[in-house]
*Asks:* 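Provided herewith is a single structure, encoded as structure tokens, for subsequent inquiry.
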Amino acid sequence: NPPATTQSPAPQLNCATMVNGQGNQNGCVTLIQQRLKDLGYDPGPVDGIYGSKTASAVKLFQSRSGLTQDGVVGPQTWNALTSSNAARKQ
């Protein structure tokens, strides 16, 4: 058997430590949009592009979660968004 070659894995986006705001475009934004949608907020299309509708949905989520309403998903908002008891839109 030839020795196993070690390949470095593709870099994973660590959404929990990233800060995503308007203008960002990446896989974490897609996850944020899908989670907002699942919770009843309207982030616009789930397209991985952080636009004004996503920012508005994030601000509303932050408001319902007792977080600073800056429309930016940093570690605190990410943790609130991904928690099992995340604030649903009523």
Side-chain angles (χ1 to χ4, degrees):
N1 283 356
T5 56
T6 55
Q7 277 190 319
S8 54
Q12 293 292 311
L13 289 174
N14 186 346
C15 303
T17 59
M18 288 178 73
V19 175
N20 279 290
Q22 209 161 330
N24 285 128
Q25 203 170 336
N26 58 56
C28 295
V29 175
T30 305
L31 295 174
I32 291 163
Q33 290 170 327
Q34 187 58 58
R35 182 65 174 148
L36 286 165
K37 196 171 180 175
D38 291 347
L39 292 169
Y41 299 90
D42 178 16
V46 178
D47 57 6
I49 301 168
Y50 203 120
S52 58
K53 283 195 90 163
T54 299
S56 295
V58 168
K59 284 181 188 172
L60 183 56
F61 172 78
Q62 289 170 326
S63 158
R64 305 254 163 126
S65 304
L67 299 167
T68 303
Q69 297 168 55
D70 57 7
V72 173
V73 179
Q76 272 192 314
T77 300
W78 176 264
N79 289 336
L81 200 54
T82 56
S83 86
S84 57
N85 59 349
R88 293 188 167 276
K89 185 176 179 195
Q90 297 306 321

*Asks:* Please name the pair of heavy atoms, one in Ala87 and one in Ser65, separated by the smallest distance, quoted to 0.1 Å.
*Replies:*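 Scanning both residues, the minimum pair turns out to be CB-OG, 3.6 Å.
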
*Asks:* Without swapping roles, check the side chain of Gln33 against the backbone of Gly48 for a donor-acceptor pair under 3.5 Å.
*Replies:*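 Indeed, once roles are kept as given, a pair shorter than 3.5 Å links the two residues.
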
*Asks:* Is Val72 linked to Ile32 within one hydrophobic cluster, defined over Ile, Leu, Val, Met, Phe, Trp and Tyr using a side-chain heavy-atom separation of less than 4.5 Å?
*Replies:*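 Shared cluster, no.
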
*Asks:* Give every residue pair that meets the ring-ring contact (aromatic ring centres under 6.0 Å, His included) criterion with at least one member in residues 44-87, sequence neighbours excluded.
*Replies:*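 Those involving residues 44-87 are Tyr41-Phe61.
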
*Asks:* From Thr54 OG1 over to Gln22 CD, what is the distance, rounded to the nearest 0.5 angstrom?
*Replies:*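 Here the interatomic distance stands at 8.5 Å.
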
*Asks:* What's the separation between atom CD in Gln62 and atom OG1 in Thr68, rounded to the nearest 0.5 Å?
*Replies:*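 Between atom CD of Gln62 and atom OG1 of Thr68 there are 7.5 Å.
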
*Asks:* Establish whether Val46 and Leu60 are linked, either directly or via other cluster members, by ILVMFWY side-chain heavy-atom contacts under 4.5 Å.
*Replies:*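 In one cluster: no.
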
*Asks:* What pair of heavy atoms forms the shortest contact from Thr17 to Pro75, and how long is it?
*Replies:*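 Heavy atoms only, the tightest pair is CA-CG, 4.4 Å.
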
*Asks:* For Lys53, enumerate each residue passing the side-chain contact (heavy atoms from CB on, under 4.5 Å) test, keeping only those at least two apart in sequence or located in another chain.
*Replies:*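 Checked Lys53 against side-chain contact (heavy atoms from CB on, under 4.5 Å); matches are Asp42.
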
*Asks:* Do any pairs count as a salt bridge (charged side-chain N to carboxylate O under 4.0 Å, His left out) and have a residue in residues 57-79, sequence neighbours left out, and if so which ones?
*Replies:*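 Those involving residues 57-79 do not exist here.
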
*Asks:* Which atom names give the shortest non-hydrogen contact between Asn24 and Val19, and what distance separates them?
*Replies:*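 The answer is OD1-O, 3.8 Å.
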
*Asks:* To the closest 0.5 Å, what do you measure between CD1 (Ile49) and CG (Asn26)?
*Replies:*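 Here the interatomic distance stands at 11.0 Å.
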
*Asks:* When you compare the side chain of Asp47 with that of Thr30, does any pair of heavy atoms fall below 4.5 Å?
*Replies:*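 No, side chains not in contact.
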
*Asks:* Give, for atom CG of Leu31 and atom CD of Gln34, the distance between the pair rounded to the nearest 0.5 Å.
*Replies:*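 These two atoms lie 8.5 Å from each other.
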
*Asks:* Taking salt bridge (Lys or Arg N to Asp or Glu O under 4.0 Å) as the test, write out the residues that go with Lys89, two or more places apart.
*Replies:*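 None.
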
*Asks:* Is there any salt bridge (charged side-chain N to carboxylate O under 4.0 Å, His left out) pair reaching into residues 25-41, and which pairs are they, with sequence neighbours excluded?
*Replies:*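 Matches after skipping sequence neighbours: none remain.
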
*Asks:* Compare all side-chain heavy atoms of Leu81 with those of Leu36 and state whether any distance is below 4.5 angstrom.
*Replies:*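 Of all side-chain heavy-atom pairs linking Leu36 with Leu81, at least one is under 4.5 Å.
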
*Asks:* Evaluate whether atom CD of Gln69 has more than 12 neighbouring non-hydrogen atoms of other residues, nucleotides or ligands under 6.0 angstrom away.
*Replies:*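 Atom CD in Gln69 is crowded, with more than 12 foreign heavy atoms closer than 6.0 Å.
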
*Asks:* Return each pair, listed once, that meets disulfide bond (SG atoms under 2.5 Å apart) where at least one residue sits in residues 23-90; pairs must be two or more places apart or across chains.
*Replies:*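 Output for this query lists Cys15-Cys28.
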
